[in-house]
Amino acid sequence: MNSIVTTRQSLVPTTITEMELFAEKLSKSILVPKDYQGKPANCFVAIQWGLECGLAPLQALQSIAVINGKPSMYGDALLAMVRADSRCLGVHEDQKDGLAVCIIKRKHSDGSVEEIKRTFSMKQAQQAGLSNRPTWKAYPERMLQHRARGNAIRDAFPDVIHGLISAEEAQDYDEPKDVTPRQEAVAPPTIETLTSPKVEEAEVLPEKEEEPTESIFDKYLENVVPKHREPIVAESFTLFVPNKQSTTYQDPRNYMDAYNDLLLAVRRASTITPAIRRTKMKELEQENADTLKILPEDMAKELKEKRIAYNASLGIEEKENG
């Protein structure tokens, strides 16, 4: 039985499997922000973060922004979350002569009311080197307002915003520098290492069960032909499927979408056991090892992580079904 529930006319997944399928669908839409297009894992995290903050899935994707690799939330959404909390007794904002003020009143469990007042001035913006940024030059009053508001919200309701900062403030931070230590130079191979047999660590695969009469790939692919590999040429990405005709794409994104569709088809093939589905997905990855090497690193990594995530969910499904 489908257990997706609706809240305010919004679909809300209630299991990991439903969340994966929901995020997969949304990531293929051009109606979601660009940071989430083609990135189901990012959609998954944003939706979960939004649910913890009381936001519906689509509202979360529109409100949560990924800036410099970190999630943040637009200031208007943060303000809406605070005002929706029953402990908030009012928010007052004012601005005059280059000074923005935000006052928030919060009621505590003992009945007392605390007033949190935070300010941010143009002088502070100049000292921090913000006043020369394009956004600050174009909308100085608005940026001052968001800074004062963000400081007040963080101090008054940190338990409501779950550590998120405003997207307007996050845009002012420089992208973090890569401080990863450089690896030491590797000595050139000797004649002994070049001539010695190469031993690779084999990945332990689940014990294969008896194959069903109809292959999972037979069900989702047409044009059944003997297995055939075409050479990979520059700027082309060939999708290999066991015992099927290969397909070559010029755009790596198209290759990734087709690979994703195959993974999803195997994951959802409930007519075969989880163990066989895990094996099928691993075989697909092995068949495409050469193409994955020339695929952009972030895409190849995402495809591998998706297979691992599907494997984990299949393991859970297998335990639940005994």
Side-chain angles (χ1 to χ4, degrees), residues 4-14 16-84 130 133-139 142-143 145-147 149-150 153-154 160-176 251-261 263-264 295-306 309:
I4 292 183
V5 300
T6 58
T7 302
R8 295 180 182 178
Q9 308 303 319
S10 295
L11 291 174
V12 180
T14 58
I16 292 179
T17 301
E18 288 174 356
M19 182 75 92
E20 289 174 344
L21 299 179
F22 195 39
E24 183 78 30
K25 281 288 185 183
L26 292 176
S27 69
K28 294 183 178 181
S29 172
I30 62 173
L31 298 181
V32 299
K34 288 186 177 180
D35 285 327
Y36 299 116
Q37 293 178 16
K39 299 178 180 179
N42 285 9
C43 292
F44 187 110
V45 174
I47 292 172
Q48 180 59 36
W49 208 312
L51 291 174
E52 293 180 9
C53 294
L55 301 177
L58 294 182
Q59 187 180 6
L61 293 180
Q62 293 298 328
S63 301
I64 298 176
V66 180
I67 300 176
N68 291 336
K70 296 185 65 176
S72 58
M73 185 174 290
Y74 290 106
D76 293 340
L78 288 177
L79 182 60
M81 289 169 54
V82 169
R83 282 180 167 161
L130 303 175
R133 293 176 179 265
T135 308
W136 279 82
K137 286 184 176 181
Y139 312 103
R142 187 66 170 166
M143 298 306 292
Q145 178 188 22
H146 279 298
R147 277 304 180 103
R149 176 191 295 175
I153 287 177
R154 282 205 303 273
V160 172
I161 65 175
H162 297 274
L164 291 172
I165 65 172
S166 70
E168 292 79 8
E169 180 178 346
Q171 291 171 351
D172 289 335
Y173 296 143
D174 295 327
E175 188 171 355
D251 186 342
R253 178 62 62 187
N254 292 336
Y255 171 89
M256 185 178 181
D257 287 343
Y259 193 108
N260 270 329
D261 289 341
L263 280 180
L264 186 59
L295 198 68
E297 184 177 354
D298 59 332
M299 294 185 183
K301 182 180 179 182
E302 183 174 331
L303 291 176
K304 185 176 181 64
E305 290 177 348
K306 179 168 293 186

Worksheet item: Is it true that D298 and K39 make a salt bridge, defined as a side-chain N closer than 4.0 Å to a carboxylate O?
Response: no

Discussion item. How long is the straight-line distance from CD of E302 back to OG of S27, given to the nearest 0.5 Å?
Written reply: 8.0 Å

Worksheet item: Taking all atoms of both residues into account, what is the closest heavy-atom pair of L61 and A46, and its distance?
Response: CD2-CB, 3.8 Å

Discussion item. Rounded at 0.5 Å granularity, tell me how far CG in L303 sits from NZ in K306.
Written reply: 7.0 Å

Practice prompt. Rounded to the nearest 0.5 Å, what's the gap from CZ on R149 to CG on L78? Could you check?
Written response: 8.5 Å

Discussion item. Is any side-chain heavy atom of M143 closer than 4.5 Å to one of R133?
Written reply: no

Discussion item. Once rounded to the nearest 0.5 Å, what's the spacing between atom CZ of R147 and atom CG of L130?
Written reply: 5.0 Å

Worksheet item: What's the shortest heavy-atom distance between G50 and A60, and which atoms?
Response: CA-CB, 3.7 Å

Discussion item. If I take atom CG from residue L58 and atom CG from residue L31, how far apart are they, to the nearest 0.5 angstrom?
Written reply: 9.5 Å

Discussion item. Is there a side-chain contact between M299 and R253 in this structure, where contact means two heavy atoms from C-beta onward sitting under 4.5 Å apart?
Written reply: yes

Worksheet item: Run the salt bridge (charged side-chain N to carboxylate O under 4.0 Å, His left out) check on R142 and D76 step by step: do they pass?
Response: CA-CA 11 Å; R142 187 66 170 166; D76 293 340; 3.3 Å; yes

Discussion item. Between E24 and K28, is there a side-chain heavy-atom distance shorter than 4.5 Å?
Written reply: yes

Worksheet item: So which heavy atom on Q37 is nearest to which on I30, and how close?
Response: NE2-O, 3.4 Å

Fill in: Considering all heavy atoms, the nearest V160-M81 contact
O-CE, 3.2 Å

Worksheet item: Are any non-hydrogen side-chain atoms of I47 and Y36 less than 4.5 angstrom apart?
Response: no

Item to complete: For atom NZ of K25, decide whether the heavy atoms of other residues, nucleotides or ligands shown that lie under 6.0 angstrom number more than 12.
Response: no

Item to complete: Identify the heavy atoms of P57 and F22 that sit nearest to each other, and give their distance.
Response: CB-CE2, 3.6 Å

Item to complete: Rounded to the nearest 0.5 Å, what's the gap from CG on L295 to NZ on K304? Could you check?
Response: 13.5 Å

